[in-house]
Each structure stands twice: as structure tokens, then as C-alpha cells.
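Here is the structure we will look at, set down as C-alpha cells.
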Amino acid sequence: MTYEGWILLTACLVGISCGMVGCFLIVRRMTMLADAISHSVLLGIVLAFLVANSLNGIYMLIGATVIGLVTTFAIQSLHNSGVQEDASIGIVFTTFFAIGVILISLFARDVHLDVEHALMGEIAFIPWNTYTVFGIEIPKATGMLLCISLFATLVILLFYKELKLTSFDAALAVTLGVPVALIHYLLMGLVSITAVGSFDAVGAVLVVSMLVVPGSCAYLMTDRLSVMLLYSCLFGAASAIFGYYGALLLDASISGSMSAAGGILFLLTWFFSPRYGLLRRYRTMKTS
Amino acid sequence: MIQDMWNALLHQPNTQWVVLSTMLLGIASGVLGSFALLKKQSLIGDAVAHAALPGICISYLLIGEKQLLVLLLGATATGLLATYLIQLITTTTRIKKDAAICLILSVFFGTGIVLLSRITQQAGGNKSGLDHFIFGQAAAMTRDDVYTMAGAAGGLILIAFLLFKEWKLLIFDPDFAKNSGLPVGLLETLFSTLLVITVVIGIQAVGVILMAALLIIPAISARYWTDRLGWMVIIAGAIGACSGIVGALISTISTGLATGPLIVVTAAGCFIFSFIIGPKRGLIQKLMAHHVSAERLKEESL
Amino acid sequence: MEALNVKDLQVAYDRKAVLEQVELSIPKGSLTAIVGPNGAGKSTLIKAILGMLKRSSGQISILGKPYSPKNRNVGYVPQRGSVDWDFPTNALDVILMGRYGHIGWFKRPSKQDIMLAKEALHKLGMADYADRQIRQLSGGQQQRIFLARALVQDAEVYFMDEPFVGVDAKTEKAIIDLLRELKHKGKTVIVVHHDLQTVLEYFDHTLLLNRTVIANGPTEQVFTKDLLQKTYGGTLAFFSPTGDKRVMS
């Protein structure tokens, strides 16, 4: 495959995996938690690097998942002790992120990991860092993302019912014997690994936009969760592709451009969605 | 290292200025952050901070040089636009506030990154110095920057002092405030505008990503020490000031470390301290209260 | 003179009418109960009158003049659930908020304001609780704080939104004593009330409301089986105006 092909594939995988997971965050009103986790993941990656002294994907995955769950747990504990939820989120992720940035500048300055990378990823370098699987040479980051996307799809398919029920009515789920807390941590774990998988491509901050924007667009298009998931993947992939060509056109950051493209897609759905768009609202208001 | 910090503080006028301005910034964000926290608007500050980045870049592209006041005007404009859009999305669609905040935050920031990468391409390297706005670099501030920031922070503190009573009522019970004849809409708008200004003047020292922490952490920490708003605001201001001073000092003596993360980590230290020691619902106090009530229960059952 | 006059009031949420064609007047010096089933729009009526909700139409006059908060002749007691009880403030401070309209911009409460607030605390039997953070008060005490705050507003017409909900007997007594004292001083008190058993005993004027005014007049005339059935529809199962009055759903 060509250089451009690999980049497009990687970007689309980011859009699709984040889009799927993001849907649940939106219907559960937990996008802020995802924002927090995606920032904290930086600390996980740095710590994994400091401990294992390598940038191997598997260490990063472990480090980030652990920190992601620690973040969720810390926010929950603070909230339980009486701190408002949004404030607990604000404290935990900014602190973790700050520690991560300091550690990078202190210890990891000369390696591949740097602050800039953390911020916006380095999708343009991905196709150069490859390994060979079954005789095909594929970029490491793309391979990891592929695995993560498959894993996320599998988890969502397996636990679709439970995820849906706990999102809609946690109290009912409890009475039906669904392990609500476990499902919550499962989803947060999923957010963490998707965030790590996307780290190389879009960085720790912009992954938030991939998690939230496609899902928000999809939320305005349909009332059914399963359809919303499909729409969300579609919007995710679309913002990745438009973003890439936009970046080529402007000669600017690809990840930033992907997120901006998502913004434009959202603007369009916001106005023109056949179901919940402003235009339709305006029309029904006029006729009634 | 402590020795170096003292030397810098005592003998280098530039350091003194930078420290003074981050101190004032810390006070202003502690004070405004307390109100924002009680108004449940902490994370709006986060969105505003991220949204400031495209504003800064657009101003820079328009005037072609790094002139702080103009850049901050641009930042204020996009910051206000972001708060307005969040409001609009939550009122005109079924998207909830948290998702709206995340959406606006990340899209504006992404746009900012696009513009920033274009600017660095043009300038050939990092000459523009705009990347300092991302994590904050207090040491890079010029004398004029310091004046601008200190003046604005001082103004904010003064206004908060004058409107203390009105804001308190507005946040505690907006319906009652309206009934008391306060111009609720005007006070709300003024507050959001001043919150945006606080965030905007802070981004040069703390950076767009972490500025929200300076609004949230001192305010939350102060809550563990008092049950009165007046004291809360003062203590939050003090914690903010202390974080600003320590962060700026460490950053200026060991060049290369960004100021923002250092300020945030200092503030987080203050939070942990307050969370454990604080006399109002702090950890130790809670454990002791629990112990006492358990003892009492035991005695009663005997 | 009428304490309150409402003409052609309409309120809609999301284009669905909540209140329609509300026309009413309440005599000065009365103790008025607003009574009606859940969802009848009782709180909405008060909030719409006081401009806290947007009205689709309607003219409101208080003591013969169009309502404006600037006249400072209206006191308000919101529902207890409407504020953040973790707010860093104490009982005395909340009561002082009732004086903010009088104190004016940029000024702090004077000694006289503080004295008034302390008097109000004392009157409601709360003198010992001045320094308590408001979360640490019982439900009844919190309600009394709200009443004390309205008291120091020094208004002519008071609106109270469900002040008797979830309070203990002592608080109920304190509140009703206060209402009678206010009436005695010639003030008008309008209360959203949910407990049909006490309407006859506490209030001399009653407004039956279910999305529009069903009846409005002296309690003895309005509080009849027919009119109540009309207000509550099928939910009123058993009622006798003399013996025990009970509402079952």
C-alpha cells in the first residue's frame, strides 16, 4: 500500500474505533470522563516508558489502561467524598497531565516521545515504522489500531445489551443483576486503550474530538443506538478523510485538521439533520 | 535549588516581575474560580482556555507580529464565542452540556493546532513563540506582557471585591436575586466575560491546556478550610498565588520546564494537603467524626 | 385594593401550554392558598407572576402597579430543593441576602441590616443556629431560614412555594404563626399548598388551579366537594367538608 494509503487507513481506524466508543460516552453523559482519561493516558505512556525503557506498544497499552482506570477511580472517589463531579474531573486529569508533561521534559526529551507529539500525534511518521506480519509490511501503529478496533467491536457486540441497559437505566440494570460498576470500568478501559491506540496518530488532546464529535453528529441523526453506532463510525471515518485532504491543502497539522473537519461535519448535521436539525425545527415551528 | 530560587527572587528584577504577575494571576483565578465552581461552571473554563488558541493564532495571522494585547483580544473573542456556542448547542439540540463542552473544546483546539502548524511553517521554526501558549512559559514574558497581565488581574480582583455580594446571591439563588431587583442577566454576562478574561490572561503563563486547573484546584482546596464564601475566596486566592509563585520560580531557574504544569502540580499539592488536613470535611476530620459517633453509639448501646 | 391582579396569563414549555387564560385577583391582607393536583402549574404560576419564567402573554399588577422587582414590595420563598445546600454560607448570611435589594450596589450590610436579620432568626426560633453552615440544618430549619429571609425583605406581598413540604410539626407551627402575624400587619401572603387537610384551618382565601383557574374566593365558598372534584378530577376519592378530610389517589 502507498504511504498515503496507510495514513488514510490509520486515520479512518482512529475515527471508527473512537466513534464507536464515543457513542456510549454520549448517551451515558460521560464525555468529560473521556476527556479526562485521554489526557491522563499521557502519564501512563510516560510511566510505562520510564519503567520499561522502551516505546513498545504493549507496555504503553498496559500503562495507559492502568492510568485510565486509576483516573476513573480517583474521580469517583473524589466525587463520593463530596466534590462536584466536574470539579473532581478537572482536578484529576489536569494534575496527571501536568505530571506527565513534566516527566517528559525531564526524562524523555531525547527520545521519540516529546511534548509536541503528545499534543497532536505524528501521523505523518507512522508509515515509516513498520513490521512484517504474514509477509505483509504494515506500520506498527496501524497494526495496533487494527487490533484495538477489532477488540472494541468485539466487546461492544458481546456486551451490547448490558452496555445499552446500563446507559439507559442503571437502577433497572442493578435490579436485573447486571454488574453496573463492572460495565462502567469495562467501558472506561475501552476508552483508555482506544486513546492509546490513537495516541501516535492524533495525540492525547485531539483524541477527545474523535471520541466526542462523530458520536454527537450521530446522536442528532437517529434515535436508535445501533444505528447511531453505524452513523458514528461513518462520521469518524469521514472526518478522518476530509481532515487528511484538508491538511494537505492547507499544509497544516493532520490531526488538528481532522478535528476541525469533525467540527464542520457537526455544523452541517446541526443545521441539516433530517431528524433533529435546526432547519427542521425552524420549519415545524413555522407550520405549527 | 532553593538557594537559586531565592537569588533569582532577590536579585533579578525580571524574575520579580514575572513572579509578581503570576501571583496576581493566581489570586484572580482563585477568586473567579471559586465563583465558577459554585456556579458549576468549572469546565466551561476548560473549554474557554482551549478555545483561546485559534483566537491567538488568528490575531497573529492578521497583524503578523506577537503583540500580547491584540492576541489576547482574539483569544477573548473566540473564548466568548465558545461559551456562546456551548449554550446554543445545549438549547437547540438534544446534546447534553458535557458533550457540548467537549465538542467545542476539542474542535476549537484542533482548529487552533491547524492554524498554529501553519504559522510555524511560515515562520520557519518556532520563531513566533506562539507554542508557549500551549503549556505556558512565564519566563518568556516581556515587561509589557507582565504589565498587561498584572493590570488585568488587578482589575478582575477589584471587580470581584465590589460585586461580591451580588454575585453571591446570584449564584446561591438566582430566582431570589431577580426578585430582589438585581439585574440578573447583566450580572451573569459580566461574570462570564470576566471568567473568560481570567482564562485568557492566564494562558501565557499556564497554557491553554492546563489553565482550567488554576480555576478549579485552588477553589476546591479552599472549600476544605471554611464554610464562608468570603474566606473561601480569600483562601483560594492565596493558594492560587502560592501556586503561581512556586511554579514561576521553578520554571525560571531551570529553563526548559514549562510553567503551566509546575503551577498545576503545586496547586495539586495544596489540594492534597487540604483534602487530608482541612478542618471542614477533610479526611482526618471526617475519620475523627466517624470515630466519635461510633464511640457514642457504643456507649449508648451499653 | 387588590394585592395581586393577573390578566390573561399564558405560559408554555416547548410550545405546550402549561397555564392558560389565568385571570385572578387576590384581596389585600389575605392569607391565600393556591391548591391543585401535581402538574397543575402552581409553582409555574408563581414563577410566571414574578417573571422568573417567560410568559407568552399576561399583565401582572401588584397593589395596583405593574410588577417590577425594583418596587421591592414582593417577598419570595422558593422551594427548598432549589438551592445548593453545600454553598459556603451560614444561616445568618442567607437571611441577610434578603436585605441585598435594600442595601444597594457595592455596599456591605450595615449594623442595622444585621440586627434585622438576627431579629428574624430569633422570631423563628433559630437564634442558636446563626453560625451553622446551611447543610447542617434540618429540613424544617432550612425552611425557616428561607422564611426569615423573606421577612427581612420587608415586603407587602409574599409568595411562598410549598413552605410546608417536609417540615416537622414545630416548624409548621412556627410558619403558620408567622403567616398570621404577617396578615395581622396587613401584609398579603400567597402560598402554594399541597395539604388539603389544613386549607380550611390556615387560609382565608383559596385559589383552585388546574392549568387554569377553577375557582377563586373566600375559602369557605371555594373549598367545596364539587369544586375540588372539578380541580382534582378522578383523583379525589373521598372528601367530607366537616369530618376527616382525606385525599386518596
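Basis for what follows: all heavy atoms, side chains included, without hydrogens, waters or symmetry-related copies. Letters A, B, ... mirror the listed sequences (proteins, then strands); counts begin at 1.
By the 4.0 Å N-to-carboxylate-O rule, B/Lys40 lies close enough to C/Asp84 to be salt-bridged with it.
In this structure, no portion of C/Phe159 lies under 4.5 Å from any heavy atom of chain B. Neither the backbone nor the side chain of C/Asn71 comes within contact range of chain B, judged by heavy atoms closer than 4.5 Å. Only the side chain of C/Gln136 has a heavy atom closer than 4.5 Å to any heavy atom of chain B. Residue contact with chain B, scored on non-hydrogen atoms closer than 4.5 Å, involves the side chain of C/Ile134 exclusively.
Side chains of C/Arg132 and B/Asp227 form no contact here, defined as non-hydrogen atoms less than 4.5 Å apart. Side chains of B/Phe176 and C/Val77 form no contact here, defined as non-hydrogen atoms less than 4.5 Å apart. Using a 4.5 Å cut-off on side-chain heavy atoms (C-beta onward), C/Trp105 and B/Leu162 make no contact. The shortest distance between side-chain heavy atoms of B/Asp173 and C/Val83 falls below 4.5 Å. With contacts defined as side-chain heavy-atom distances shorter than 4.5 Å, the pair C/Lys47/B/Asp175 qualifies.
For residues 178-188 of chain B, the interface with chain C (any heavy-atom pair closer than 4.5 Å) comprises B/Lys178, B/Asn179, B/Ser180, B/Gly181, B/Pro183, B/Leu187, sorted by residue number.
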Q | Candidate pair C/Asp93 and B/Lys168, rule salt bridge (charged side-chain N to carboxylate O under 4.0 Å, His left out), full reasoning | A | CA-CA 10 Å; C/Asp93 202 38; B/Lys168 176 164 80 173; 2.7 Å; yes
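Screening B/Arg228, B/Arg223, B/Lys280 for a side-chain contact (heavy atoms from CB on, under 4.5 Å) involving C/Pro88 leaves a single residue, B/Arg223.
Around the CH2 atom of C/Trp85, the shell of radius 6.0 Å holds more than 12 heavy atoms that belong to other residues, nucleotides or ligands. Sparse packing is recorded around CD of B/Gln87, with 12 or fewer heavy atoms of other residues, nucleotides or ligands lying under 6.0 Å away. Annotation: B/Lys286, atom NZ; neighbour count of heavy atoms from other residues, nucleotides and ligands within 6.0 Å is above 12. Heavy-atom contacts from other residues, nucleotides or ligands closer than 6.0 Å to NZ of B/Lys96 number more than 12. Remark: C/Lys118 NZ is loosely packed, at most 12 non-hydrogen atoms of other residues, nucleotides or ligands lying under 6.0 Å away. The neighbour count for C/Tyr129 OH, taken as heavy atoms of other residues, nucleotides or ligands under 6.0 Å away, does not exceed 12.
We find the CD-CZ distance between C/Gln133 and B/Arg281 to be 7.0 Å, quoted to the nearest 0.5 Å. Put simply, CG on B/Leu169 and CZ on C/Arg149 are 7.0 Å apart, with the number rounded to the nearest 0.5 Å.
Judged by the 6.0 Å and 45° rule, C/Arg108 forms a cation-pi pair with B/Phe161.
Ranked by heavy-atom pairs shorter than 4.5 Å toward chain B, the options C/Phe106, C/Tyr67, C/Tyr100 are led by C/Tyr100.
Note: C/Phe146 and B/Phe172 have perpendicular aromatic rings, judged against thresholds of 30 and 60 degrees for the angle between ring planes.
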